[in-house]
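Here the structure is laid out as C-alpha cells; the discussion comes afterwards.
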Amino acid sequence: MRSHRLIFKLLKWLEDKAMLQNLITQQHYFVLKLFSALGCGLIAGVFFAFSSFVMSALARLQPAQGIAAMQAINITVINPLFMVVFLGTTAACILLSISSLLKWYQPDATYLLLGSLLYLIGTFGVTIVFNVPLNEALAKVEPDTTIGASLWSSYLTNWTIWNHIRTATAVAAAALLTIALCYRATKS
C-alpha cells in the first residue's frame with residue numbers, strides 16, 4: 001500500500017513538472033498516437049503475410065532452397081523503410097507508455113498503455129528474444145548440408161509460432177491504439 005502511494009506521488013510530481021506534457025503539444029500527441037496505431041498495423045500486416053502464406057510457401061521448397069530464400073529475406077528486411085516503421089513504432093510506443101502513466105487520469109490512458117506494452121513486449125520483445133536468434137542461427141548454416149536441413153525443419157516450426165504471437169500482439173496493439181484515438185476524437 002505504501003509503495004503505491006510513493007509511485008502515485010512520483011507520477012504526480014512528474015505531471016506537475018509537466019516534463020513530457022510541455023514537450024508534446026496536443027497536435028504532436030495526436031500524430032504520435034496515429035503513427036503508433038498505423039505502425040502497429042503495418043507491422044501486423046507484414047508479420048501476418050509470413051504467418052499466413054510466406055512460411056508455408058518456403059516449407060514447400062527443398063530445404064536448401066527454403067534456407068537460401070529465408071536467408072535472403074532476413075538480409076533484405078533490414079532496410080531503411082522497414083526499420084523506420086518497426087523501430088519508429090517501438091520508440092513511439094515507449095513515449096506513449098510513459099505519457100499514459102503521466103496522463104493516467106485521461107480516459108484513453110489505459111488503451112494507450114496496454115496497446116503500447118503489447119507492441120513493446122509481444123512484438124518488438126518477441127522479435128529480439130526469439131525470432132532474431134533463430135534468424136542468426138539460420139544465417140550461419142550452409143543450405144546444402146544435413147545440418148542445414150535439420151535446422152530448417154525446427155526453424156520453420158519455432159519461427160512461425162513466435163511470428164504468430166508477434167502478429168497477434170501487433171494487431172491487438174493497433175486495435176487498442178485505434179480505440180484510444182477514436183475515444184479521444186469522440187470526446188473532443
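Residue numbers start at 1 and run along the sequence shown. Since the model is a prediction, treat every value here as computed from it, not as a measurement.
- Applying the side-chain contact (heavy atoms from CB on, under 4.5 Å) test to Thr110 and every residue at least two apart in sequence or in another chain returns Trp104, Leu114.
- Applying the ring-ring contact (aromatic ring centres under 6.0 Å, His included) test to residues at least two apart or on different chains, the pairs with a partner in residues 106-136 are Phe86-Phe124, Phe130-Trp162.
- Clustering ILVMFWY residues whenever any of their side-chain heavy atoms sit less than 4.5 angstrom apart, transitively, puts Leu38 in a cluster other than the one holding Val171.
- Remark: side-chain polar atoms of Ser97 are paired, donor with acceptor, to backbone N or O of Ile94 under 3.5 angstrom.
- The minimum heavy-atom distance linking Leu32 with Ala92 is given by the pair CD1-CB, 3.5 Å.
- Atom OG1 of Thr160 is separated from atom CD1 of Ile165 by 11.5 Å, given to the nearest 0.5 angstrom.
- With sequence neighbours left out, Thr169 forms a side chain to side chain donor-acceptor pair (under 3.5 Å) with Thr123.
- Here the side chains of Leu156 and Met55 are in contact, with some heavy-atom distance below 4.5 Å.
- We find the CG-CD distance between Leu151 and Glu142 to be 12.0 Å, quoted to the nearest 0.5 Å.
- Residues Val129 and Trp159 fall within the same hydrophobic cluster, defined by Ile, Leu, Val, Met, Phe, Trp and Tyr side chains chained together at heavy-atom separations under 4.5 Å.
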List, one per line, each side-chain donor-acceptor pair under 3.5 Å for residues 57-82, sequence neighbours excluded.
residue	atom	partner	partner atom	Å
Gln65	OE1	Gln62	N	3.3
Gln71	NE2	Leu138	O	2.7
Gln71	NE2	Val141	O	3.1
Asn74	ND2	Met70	O	3.3
Asn74	ND2	Asn135	OD1	3.3
Thr76	OG1	Ala72	O	2.7
Asn79	OD1	Leu81	N	3.1
Asn79	OD1	Phe82	N	2.9
Asn79	ND2	Thr76	O	3.1
Asn79	ND2	Val77	O	3.3

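- Ile161 contributes atom CD1, which lies 6.0 Å from atom OG1 of Thr157 (distance to the nearest 0.5 angstrom).
- Contacts classified as side-chain hydrogen bond (donor to acceptor under 3.5 Å, both in side chains) and involving residues 170-179 (residues at least two apart or in different chains) are not found.
- With Ser150 contributing its side chain and Thr146 its backbone, the two residues share no donor-acceptor pair below 3.5 Å.
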What donor-acceptor contacts under 3.5 angstrom involve side-chain atoms of residues 40-54, with partners at least two apart or in another chain?
residue	atom	partner	partner atom	Å
Ser51	OG	Asn163	ND2	2.8
Ser51	OG	His164	ND1	2.8
Ser52	OG	Phe48	O	2.8

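- Of the inter-residue distances, the one linking Leu177 atom CG with Ser36 atom OG reads 6.0 Å to the nearest 0.5 angstrom.
- Linking Ile, Leu, Val, Met, Phe, Trp and Tyr residues whenever their side-chain heavy atoms come within less than 4.5 Å places Ile128 and Val85 in a single cluster.
- Here SG of Cys182 is found 11.0 Å from CG of Asp108. Values are rounded to the nearest 0.5 Å.
- Nearest heavy-atom pair across Tyr29 and Ser100 is OH-N, 4.5 Å.
- You'll find the side chain of Lys103 stays beyond 4.5 Å of the side chain of Leu112, heavy atoms only.
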